[in-house]
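Beneath this line is the structure, given in structure tokens, with notes to follow.
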Amino acid sequence: MLRTKFILGAAMYRNEKVLRRFLLLLIALCVALYIAITFFKPANYLATDTASPTQGWRIHGAKVVQSNAVAPDGTLSAIKVTSTSGDGHLILPSRDAPQNATETFSVYLRADSRTTIYIGFFGKNYISKPARIGTGWQRFSVSGNPGGGVSALVAGARTFLEGETIYIWGPQLELGAVAKPYAQRDNFRLPWPGELLVRLRYVNVGPWLLLAIFVMSLALLATSMKSPLVLRIRRTLRHGLGVYRRNQLGLRTATTYAAITFATLLAMEISTFAIGSWRISQAQNQSIGAAMLGTLSRAMALVKADAGLGKEHVDQATIFSPLTQIRRLPGDLTPPYHINRLGLIDNESALPTLDTMPEKPAGMVRIVLYGGSTAMGIGAPTGNQTLTARLEKLLNRNARPGTAFQVLNLGHGGGQSYSDLAFMAAMGTYLDPEVSISLNGFNDAFFASESSFIYGSYPYIINWSDFSYYYNNAINNLLPPPPAVIAFLPFTSLLYNDLRMQSYAAAAPTKTSYDALPMRLVTENFVKRNETRDRLLLENLRFMAGYFVKRSGVFLSYLQPHPLQFRDLLSSALAGPSEKTLVDQSIQRLSRLPPDEYRRRMGGLFDGYGDRYRQLQNEFDGNPNIRFFDIRTELRDLSEAAYIDIIHYSVAGQQRLAERMFNDMKSFDVIRDGLRD
């Protein structure tokens with residue numbers, strides 16, 4: 001067979017006219033196919049499967065109870081799904097979605113009773129939003145750039161709870177930021193020409209194979225032709241070769257200089273990459289491999305930001321407040337959370353009544369939660385799955401008719417017990433809550449142990465968190481210089497900026513400004529008298545509780561759990577890093593201290609806080625509306641991962657804390673009277 005093909009090929013080559021026609025036809029076919037598979041775009045990158053009872057969805061923690069429900073178009077093609085767990089979800093992968101483009105996922109949903117679930121899609125990035133589903137069909141959509149192979153997701157993140165039922169139809173993934181009319185794409189049908197083009201395009205070798213055949217055919221065609229054009233090209237090439245030989249010295253000199261310049265810049269980049277990685281490994285006690293990856297990531301982020309491709313930092317979504325230091329902008333999006341008109345992370349409740357604020361309608365019982373990023377609910381994938389949202393759902397599921405429980409999220413990243421006090425004085429009293437809750441401990445301990453991320457070279461300042469330093473610098477014109485990017489030298493740029501920031505932090509005007517702060521002297525005197533610094537939290541909480549001594553309202557304060565006490569971190573995971581790995585990595589990344597020293601300091605501070613909580617409970621024991629709870633052991637026996645990093649809780653951890661707060665509040669009349677028996 002091989003010999004026959006060889007003889008046939010040789011015969012074709014001898015027949016130059018036939019060969020030319022064959023090669024021209026092959027080139028034209030390659031060009032046509034290449035253009036077709038490059039520019040043809042399907043209306044829908046998600047394919048259903050009508051031959052399957054699940055319509056092609058991969059279903060987890062749930063089951064299909066009807067595969068021929070009435071769809072919005074009148075056909076019997078929708079599926080009815082009931083959750084069989086606390087985290088039911090459906091995934092529909094796309095085999096051929098674009099790699100880096102703005103895309104929109106849309107789907108039709110309805111439910112037997114009003115509910116809110118989560119929809120989204122993910123590749124390298126995770127894009128999501130809540131869908132407030134009613135009893136009639138609605139189309140929901142979400143847009144973004146997933147940055148890789150894409151799968152669509154419906155429910156998940158503990159939004160589709162056991163026993164709940166939803167109907168699903170018409171999934172669509174398309175290019176652009178707007179959902180267009182639904183175009184069904186079904187795997188069960190025979191592929192039509194456009195479908196074949198799409199499948200061919202996303203076979204990795206497809207376009208490249210066509211391109212290789214095209215180039216080879218073009219080369220063979222050129223060598224077999226003796227037209228004036230081909231002959232002229234050959235003469236031009238020979239002439240260029242002669243010019244090169246006559247000017248060899250000049251060309252060699254220019255090439256040598258270019259090579260030396262390139263080698264110098266390359267050596268500079270390699271050196272700065274090595275120096276930067278070493279500096280990170282020393283400063284953060286990381287392995288050199290992890291530090292190299294960190295250096296690479298930071299350099300690429302610097303270049304990306306300089307090109308205008310980076311996202312604004314979350315801090316840019318906040319403004320200065322003279323009372324609380326920090327306030328979010330209403331209506332802004334702090335991914336993945338929505339900011340309501342009070343500047344708070346919204347619970348995205350399905351009940352319209354719970355969106356009422358600051359007014360308080362009749363029948364509403366209002367609860368506010370103060371704290372840092374753990375109170376915010378960092379770790380929850382959406383706003384309706386944060387700690388406050390979970391607590392609100394627990395209360396309202398058990399509410400009497402005519403009673404609505406509203407839980408407002410006054411948590412702010414980096415906030416300490418003093419921040420809680422400031423927010424209570426500035427906003428809490430104005431909102432007139434029946435119950436006020438503080439969840440704190442970590443930020444007080446962390447900033448007392450580490451000082452500020454922004455100014456690590458300065459000693460601790462009493463009651464100051466990161467945004468305290470930031471706004472002090474902004475007001476006093478002490479902000480650091482913006483980063484600079486030297487073209488084609490990202491690692492050199494990174495090292496240059498690091499050294500410039502180091503010089504800035506030690507600069508005389510900045511240091512003089514901080515040394516002259518009266519708060520510096522107060523802090524130094526305080527630390528001398530209370531080296532463990534647990535008295536600071538004591539005084540702040542004592543002041544907050546004192547407000548409620550002669551006033552109505554319940555005040556509950558919780559000393560939060562943290563991952564280094566009373567829990568054996570899970571060391572294995574079915575997919576992704578384990579709980580122990582995530583905690584260890586975040587300690588190395590976020591703490592300036594060696595891990596053992598970090599554990600020693602944080603453990604000592606939290607033990608001191610536990611003593612202060614017992615002291616406060618004894619002080620206010622005669623006030624039944626004031627309670628202090630040391631709940632550091634609350635997550636000890638959780639069978640799932642409780643932490644996602646150095647302190648933030650997983651969805652399971654947040655659910656457990658919400659249940660604990662719910663059970664504690666039931667002992668107070670103002671809550672118990674609004675609950676069913």
Does atom CG of D568 have more than 12 heavy-atom neighbours, drawn from other residues, nucleotides or ligands, at distances under 6.0 Å? no
When every non-hydrogen atom of R533 is compared with those of S449, the smallest separation belongs to NH1-N, 4.5 Å
Whether E597 and R601 form a salt bridge (side-chain N of Lys/Arg under 4.0 Å from carboxylate O of Asp/Glu) is what I want to check. yes
Closest non-hydrogen atom pair between S373 and H648, with its separation: OG-NE2, 2.5 Å
Check ring pair (Phe, Tyr, Trp, His ring centres under 6.0 Å) between F526 and all other residues, then give those that pass, not counting sequence neighbours. none
Rounded to the nearest 0.5 Å, what separation is found between the CG atom of D621 and the CG atom of L616? 12.0 Å
Would N540 and N463 count as a side chain to side chain donor-acceptor pair (under 3.5 Å) here? Give the steps. CA-CA 9 Å; N540 291 334; N463 277 327; 3.1 Å; yes
Measure the OG-CG distance between S419 and L410 for me, rounded to the nearest 0.5 Å. 11.5 Å
Any donor-acceptor pair under 3.5 Å from Y609 side chain to A445 backbone: yes
Would you check if the distance from the ring center of H89 to the ring center of F160 is below 6.0 Å? no
Are there over 12 heavy-atom neighbours, none belonging to Y496, within less than 6.0 Å of that residue's OH? no
Taking side chain as C-beta onward, heavy atoms only, is T633 less than 4.5 Å from P561? no
Does any non-hydrogen side-chain atom of L369 lie less than 4.5 Å from one of L408? no
Applying salt bridge (charged side-chain N to carboxylate O under 4.0 Å, His left out), name anything that partners E619, two or more places apart in sequence or on another chain. R542
Can you find a heavy atom in the side chain of I647 that is under 4.5 Å from one in the side chain of F446? no
Please check if the number of heavy atoms outside F442 that lie under 6.0 Å from its CZ is greater than 12. yes
So CG of N384 and NZ of K393: to nearest 0.5 Å the spacing works out to 4.5 Å
Just jot down the salt bridge (charged side-chain N to carboxylate O under 4.0 Å, His left out) partners of R535, sequence neighbours excluded, or say none. E539
Would you compute the distance between atom CG of L559 and atom OG of S417 and round it to the nearest 0.5 angstrom? 11.0 Å
Heavy atoms only: give me the nearest D630-Y613 pair and the separation to one decimal. N-CD2, 4.3 Å
Treating T581 as the side-chain partner and P577 as the backbone partner, does any N or O pair qualify as donor plus acceptor under 3.5 Å? no
Against V407, only a single residue in V435, L395, L387 fulfils side-chain contact (heavy atoms from CB on, under 4.5 Å); can you say which? L395
Let me see the working for L556 and M661 under side-chain contact (heavy atoms from CB on, under 4.5 Å), right down to the final yes or no. CA-CA 9 Å; L556 309 178; M661 292 176 180; over 6 Å; no
Taking the six-membered ring of Y558, is NZ or CZ of R660 closer than 6.0 Å to its centre and within 45° of its axis? no
Would you check if the side chain of E640 reaches a backbone N or O of A652 as a donor-acceptor pair within less than 3.5 Å? no
Among side-chain atoms of E348 and Y337, is any donor-acceptor pair under 3.5 angstrom? no
Under the side-chain contact (heavy atoms from CB on, under 4.5 Å) rule, what do Y418 and L541 come out as? Steps first, then yes or no, please. CA-CA 8 Å; Y418 183 76; L541 293 181; over 6 Å; no
Can you tell if the side chain of M665 reaches within under 4.5 Å of the side chain of L391, non-hydrogen atoms only? yes
Consider only side-chain N and O atoms of S578 and S572, and report whether a donor and an acceptor are under 3.5 Å apart. no
Could you check if a side-chain atom of Q565 sits within less than 4.5 angstrom of a side-chain atom of F606, using non-hydrogen atoms only? yes
Please list, chain by chain and in numerical order, all residues satisfying side-chain contact (heavy atoms from CB on, under 4.5 Å) with Q325, sequence neighbours excluded. F467, S468
CA sep, side-chain torsions, deciding dist, call: N530, D534, side chain to side chain donor-acceptor pair (under 3.5 Å): CA-CA 7 Å; N530 182 228; D534 51 7; 3.1 Å; yes
Can you tell if the side chain of F121 reaches within under 4.5 Å of the side chain of L153, non-hydrogen atoms only? no
Measure the spacing between OG of S557 and CZ of F620 and express it to the nearest 0.5 Å. 10.5 Å
Do you know the tightest heavy-atom contact between N409 and I345? CB-O, 3.6 Å
Donor-acceptor pair between N440 and D420 side chains, under 3.5 angstrom: yes
Show your reasoning for whether side-chain contact (heavy atoms from CB on, under 4.5 Å) applies to F423 and H412. CA-CA 10 Å; F423 272 100; H412 284 73; 3.3 Å; yes
Who passes ring pair (Phe, Tyr, Trp, His ring centres under 6.0 Å) against Y370, sequence neighbours left out? none
Intermediate values then yes/no, side chain to side chain donor-acceptor pair (under 3.5 Å), Q416 and N443: CA-CA 5 Å; Q416 300 167 250; N443 284 335; over 6 Å; no
Residues in salt bridge (charged side-chain N to carboxylate O under 4.0 Å, His left out) contact with E269, at least two apart in sequence or another chain: none
Answer yes or no: is there a side-chain heavy-atom contact under 4.5 Å between T272 and L494? no
Of the non-hydrogen atoms in L342 and M427, which two are nearest, and what is the gap between them? O-CE, 3.9 Å
Go through the steps for I631 and L657 under the test side-chain contact (heavy atoms from CB on, under 4.5 Å), then give the verdict. CA-CA 9 Å; I631 60 169; L657 293 186; 3.9 Å; yes
Using 4.0 Å as the upper bound for N to carboxylate O, is an ion pair formed by E579 and R567? yes
Aromatic plane relationship, Y643 with Y649 - under 30° parallel, 30 to 60° tilted, over 60° perpendicular: tilted
What I'd like to find out is whether the side chain of L265 reaches to under 4.5 Å of the side chain of L489, using heavy atoms alone. yes
Are R599 and D584 within salt-bridge range, i.e. N to O under 4.0 Å? yes
So, the side chain of S586 versus the backbone of L582: is there a donor-acceptor pair under 3.5 Å, distance only? yes
Taking all non-hydrogen atoms of both residues into account, name the closest pair between Q588 and P595 and its distance. CG-CG, 4.4 Å
Any salt bridge linking D444 with R612? Criterion: basic side-chain nitrogen under 4.0 Å from a carboxylate oxygen. no
For the CZ atom of R520 and the CG atom of N525, what is their distance to the nearest 0.5 Å? 14.0 Å
Is T386 reaching over with its side chain to a backbone N or O of G377, donor-acceptor style, under 3.5 angstrom? no
Please walk me through it: do Q385 and R390 pass side chain to side chain donor-acceptor pair (under 3.5 Å)? CA-CA 6 Å; Q385 292 300 303; R390 290 170 186 277; 3.1 Å; yes
